[in-house]
Amino acid sequence: MKKSLITAVAMGSFLIIGALSRQAHAPSPADHAADDFLALTPPMGWYPWNIFGQEPQNEKLIREIVDALVLSGMKEAGYSYVGPDEGICFYRGKDGLLTTNLERYPSGLRGLGDDIHRKGLKYALYTDAGTHTCSKAMPGTKDREFEDMRRFADWRADYIKIDWCNTEGQDIVKTYTKLHDAQHAAGRPVVHSLCSWGDGEPWKWAAPIGHLWRTTSDICAPGKADWLHAMKMCAENEKLYPWAGPGHWNDPDMLIVGMPGLSEVQNRAFFSLWCMMAAPLMAGNDLRDMSESTIRILTNPEAIAIDQDPIGVQGRIIRTAGKVSVWAAKPLFDGSQAVLLFNQGTVIEVVDIGLSELGIAPTAAVRVRDLWAHATQGPAISPEGVLSVQVDPGDVRFLRISRSKDFPLPPVIVADTYLIALKAAGPSPQKLTGTLTLTDKGTANLPLWKVGPDLPPWLTVSVARNGKRQTVTNTISSAGLKRGSYHAVVRLDNVEPVSGKPMSAVYYDVDLEVGDPDAVRR
Ligand code: GLA
């Protein structure tokens, strides 16, 4: 063995040689996301179910979690969708409309949503396609689809998870299609998360009507992380790799990272597997009570970059070597590719991977980035063209392989707010402005965001760039407006970003009150 190669082994327990090939995977034109440009990368956020179940879900909890999400750095890392799951948050009123359970959510579901938007986060709500939610504590949407989706739009939900309990006799395709139509009719762009636990094989038909679908049963009973069960879910989801892509994701359920009973190694392995599968990253732990290690794992930008890669390919197992699964076939936007080795045995393993297995020519020098050690090795060349990687028992090696010395991070957009609320004292003409700032947490500057069509006549929007931040200025002219409340949803697009792939559109709300109208909060 040549000296340089021995050095590489000592430094990082792997060798790598070769060149990379790049594959393009275009989203299907039939995708729901082709219109709304939502969830072009897997949604990231937090849902309460895995750790809390139904109790103690209430507004106080959600607000505390929102604060923890911001303070822990998770918002900066890209987590944005947050809200109650089956949290007994509404009932059906005598008028047939969904009504907030004010005992648990005293600000009203709209009030809570507004505050989540003010903090630069997105609002996730939950319902069920049948007569009732799973515990029967809340009404389902059956035969009320259009009113209920209108109500979710009033509450300004950005993401709706729709469960499949109590649906006896309902046709799954027709039901979820009707729910999609109802969301469309309600006029508010929303991420549609189907939750039939794999029933009806939604991966085969749901891309035109939804953005993600659960592929498996619940990953755990509330509060009880179950490692072996989670690995079973992972194995089932892995097989479905051909069905995932930008705007239409396989969802093997929320994360169990940071839940009691899991070791640091298990947390790291789990997070790597979900990132490699381009799975939605909806954290499911108690964000108010996280160890440093859990925060480090959940916010690792290099692992998240694999999940959020704009090409949007779900990686898969290309083969196994004893107890080690070799995950690859995940090309990334810069021409590099991700490789994950997962050792489910009890002893240290060293796995040799032929570069040809990865579609890499053996002649080019490549560099290997270890996404947990945050270290780059190489360039290295071996006449055999073999990558030799050591993996500890139960652990993973999560690698990114590139011809370039740079390992750019794709764009991750963080907003300081998603709600611009302005008030004109009276109906005489006035000019008001409010701004929001979008920051790209990736490594390259983005082209300017473009303002979408359909702005109301009272609103103009302009965008200016300052390095990795872009300021979106909303100017309102109240001239000619009567007293009352006005509302617009603004869409911003970035369709030629550095990644070469369109980004998810950004939507935000603009509220204008002219004079002193009745409060709009419920
Ligand atoms: C189903 C879903 C879970 C959770 C519960 C709520 O089991 O799969 O994720 O939403 O319902 O009852």
Side-chain angles (χ1 to χ4, degrees), residues 42-58 61-62 65 79 81-92 98 101 104-105 109 123-142 148 152 157-168 170 172 175-176 179 190-203 206 210-226 229-230 232-234 236-237 240 249-259 270 274 277 279-287:
M44 296 174 68
W46 178 88
Y47 252 141
W49 193 258
N50 280 2
I51 185 72
F52 295 115
Q54 217 150 48
E55 298 295 348
Q57 282 199 55
N58 55 38
L61 172 76
I62 303 295
I65 292 287
Y79 295 83
Y81 294 101
V82 60
D85 194 286
E86 192 186 2
I88 320 189
C89 47
F90 53 76
Y91 58 92
R92 197 171 294 288
L98 298 180
N101 173 350
R104 283 192 185 230
Y105 298 84
L109 285 175
Y123 194 27
L125 287 174
Y126 163 96
T127 186
D128 189 283
T131 53
H132 291 89
T133 54
C134 297
S135 74
K136 303 214 167 154
M138 289 162 72
T141 55
K142 181 171 184 306
D148 285 4
F152 278 91
D158 306 300
Y159 180 114
I160 309 177
K161 170 178 168 183
I162 307 187
D163 224 328
W164 187 242
C165 283
N166 305 306
T167 52
E168 290 71 20
Q170 288 178 236
I172 191 166
T175 302
Y176 277 113
L179 284 159
V190 69
V191 174
H192 183 192
S193 161
L194 287 75
C195 182
S196 72
W197 332 290
D199 279 13
E201 303 185 316
W203 46 90
H211 300 91
L212 64 158
W213 46 79
R214 281 276 297 280
T215 55
T216 59
S217 64
D218 286 7
I219 199 158
C220 63
K224 299 199 170 95
D226 177 341
H229 187 62
K232 195 166 157 268
M233 308 289 90
C234 177
E236 285 176 24
N237 191 69
L240 300 175
W249 306 105
N250 291 319
D251 175 8
D253 207 357
M254 299 164 284
L255 311 182
I256 55 171
V257 173
M259 286 181 64
F270 182 97
W274 259 236
M277 292 193 291
L281 299 180
M282 297 295 281
N285 58 318
D286 185 349
L287 305 187

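Heads up: numbering here begins at 1 and tracks the sequence. In each ligand, atom 1 is the first atom listed, and ligand 1 is the first ligand listed. Just the heavy atoms: all of them, side chains too, but no hydrogens, waters or symmetry mates, feed the values below.
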Report task. Taking all non-hydrogen atoms of both residues into account, name the closest pair between His211 and Val190 and its distance. Result -> CE1-O, 3.3 Å
Query raised in the report: Counting each atom of ligand 1 from 1 as listed, which ones have a heavy atom of Met254 under 4.0 Å away?
Result: 9 (O)
Requested in this report: Flag the pair Tyr159 / Leu212 as yes when at least one side-chain heavy-atom distance between them is below 4.5 Å, and no otherwise.
Outcome: yes
Requested in this report: Check each atom of ligand 1 against the heavy atoms of Arg214 and keep those under 4.0 Å away; list them by number with element.
Outcome: 2 (C), 8 (O), 9 (O)
Report summary line: In this structure, atom 11 (O) of ligand 1 is nearest to the protein heavy atom Asp163 OD2, 2.7 Å
Query raised in the report: Side chains of Asn250 and Trp213: donor-acceptor distance under 3.5 Å anywhere?
Result: yes
**Report entry** Asp85, any N or O under 3.5 Å of ligand 1 N or O
**Finding:** yes
Query raised in the report: Between Ser135 and ligand 1, which residue portion shows a heavy-atom distance shorter than 4.0 Å: side chain, backbone, both, or neither?
Result: neither
Query - Which of the ligand 1 atoms, numbered from 1, are nearer than 4.0 Å to a heavy atom of Cys195 - result: 2 (C), 8 (O)
**Report entry** Those atoms of ligand 1 less than 4.0 Å from some heavy atom in Glu86
**Finding:** 6 (C), 12 (O)
Query - Contacting atoms of ligand 1, where contact means under 4.0 angstrom from a heavy atom of Tyr126 - result: 6 (C), 10 (O), 11 (O), 12 (O)
Query - Heavy-atom nearest neighbour in the protein, as seen from atom 8 (O) of ligand 1, with distance rounded to 0.1 Å - result: Asp218 OD1, 2.5 Å
Requested in this report: Mark the output for Thr133 as yes if a heavy-atom distance to ligand 1 is under 4.0 Å, and as no if none is.
Outcome: no
Requested in this report: Check whether any side-chain heavy atom of Pro43 lies under 4.5 Å from a side-chain heavy atom of Trp249, and answer yes or no.
Outcome: yes
Report task. Taking atom types as modelled, find out whether Thr216 and Glu236 have a side-chain donor-acceptor pair closer than 3.5 angstrom. Result -> no
Query raised in the report: Does anything in residues 210-222 pair up under salt bridge (Lys or Arg N to Asp or Glu O under 4.0 Å), and if so which pairs, sequence neighbours excluded?
Result: Arg214-Asp218, Arg214-Asp253
Requested in this report: Would you mind telling me if ligand 1 is within reach of the side chain of Gln54, the backbone, both or neither, using heavy atoms under 4.0 Å?
Outcome: neither
Query raised in the report: Backbone N or O of Val191 within a donor-acceptor pair of the Tyr81 side chain at under 3.5 Å?
Result: no
Requested in this report: Using a 4.5 Å cut-off on heavy atoms from C-beta on, say whether the side chain of Val82 contacts that of Tyr123.
Outcome: no
Report summary line: Ranked by distance from atom 5 (C) of ligand 1, the top protein heavy atom is Trp49 CE2, 3.5 Å
Report task. Return yes when Tyr47 approaches ligand 1 closer than 4.0 angstrom through a heavy atom, no otherwise. Result -> no
Query - Closest to atom 9 (O) of ligand 1 among Lys161, Met138, Met282 (heavy-atom distance) - result: Lys161
Query raised in the report: So, do Trp274 and Pro252 sit near enough that their side-chain heavy atoms are less than 4.5 Å apart?
Result: yes
Query - Element-labelled atoms of ligand 1 that are located less than 4.0 Å from some non-hydrogen atom of Cys134 - result: 1 (C), 11 (O), 12 (O)
Query raised in the report: Between Lys142 and Glu168, does at least one N-O distance fall below 4.0 Å, as a salt bridge requires?
Result: no
Query raised in the report: Which of the atoms in ligand 1, numbered in the order shown and given with their element, are less than 4.0 Å from a heavy-atom of Trp197?
Result: 1 (C), 2 (C), 8 (O)
